[in-house]
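Keep in mind it's a predicted model, so treat the numbers as computed, not measured. Heavy atoms only: backbone and side chains are in, while hydrogens, waters and symmetry mates are out.
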Amino acid sequence: MAEAKNVKHVVTNVSGGPRVINAIPGVLLQNGESTDGAVEMTEAEFAVAKSTEWFKFGDKSDARPKPADKAD
C-alpha cells in the first residue's frame, strides 16, 4: 500500500465560526484566524477541507472571513 502524501498550506478560517483543520497535528481556528505558518496535512484531508469552503489556503491577505452570524 502506498504511503499518504502530505502537503503544507497556510490556512485561514472563513466559515463564520470556529472550525478544526485536520492537520498534523489538528488545529482549532476561530473565524478569521490563520495558522502562523504552513501546516502539514495529507492530500486527502486537504481535498476535504477545501471542499467545505470553510477555509482559504495560501497567503493570509487572500482570506475574507464571513460574518459570525452567517455561519454554516
Scan for ring pair (Phe, Tyr, Trp, His ring centres under 6.0 Å) pairs involving residues 3-35, sequence neighbours excluded, and state none if there are none.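 Listed by first then second residue: His9-Phe46, His9-Phe57.
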Sequence neighbours excluded, every pair satisfying ring pair (Phe, Tyr, Trp, His ring centres under 6.0 Å) that has a member inside residues 11-33: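 Listed by first then second residue: nothing to list.
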One pair to check against side chain to side chain contact (heavy atoms under 4.5 Å, CB included): Val11 and Val27. What are the steps and the verdict? CA-CA 10 Å; Val11 182; Val27 179; over 6 Å; no
Step-by-step side chain to side chain contact (heavy atoms under 4.5 Å, CB included) determination, Leu29 to Thr35: CA-CA 8 Å; Leu29 295 172; Thr35 57; 4.2 Å; yes
Of all the heavy-atom pairs spanning Val14 and Glu53, show the shortest one and how long it is.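 Of all heavy-atom pairs spanning Val14 and Glu53, the closest is CG2-O, 4.0 Å.
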For the residue pair Gly37 and Val10, what are the closest heavy atoms and their distance?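 Smallest interatomic distance, heavy atoms only, reads C-CG2, 3.7 Å.
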Would Arg19 and Phe55 count as a side chain to side chain contact (heavy atoms under 4.5 Å, CB included) here? Give the steps. CA-CA 9 Å; Arg19 301 285 181 199; Phe55 305 102; 3.6 Å; yes
Could you tell me the separation between the [atom1] atom of [X] and the [atom2] atom of [Y], rounded to the nearest 0.5 Å?
{"X": "Glu45", "Y": "Asn6", "atom1": "CD", "atom2": "CG", "value": "10.5 Å"}
{"X": "Lys56", "Y": "Ser15", "atom1": "NZ", "atom2": "OG", "value": "11.5 Å"}
{"X": "Ile24", "Y": "Lys8", "atom1": "CD1", "atom2": "NZ", "value": "9.5 Å"}
{"X": "Trp54", "Y": "Asn31", "atom1": "CH2", "atom2": "CG", "value": "13.0 Å"}

Taking atom types as modelled and ignoring hydrogens, do the side chains of Glu33 and Asn13 form a donor-acceptor contact shorter than 3.5 angstrom?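 Checked: Glu33/Asn13 side chains show no N/O donor-acceptor pair below 3.5 Å.
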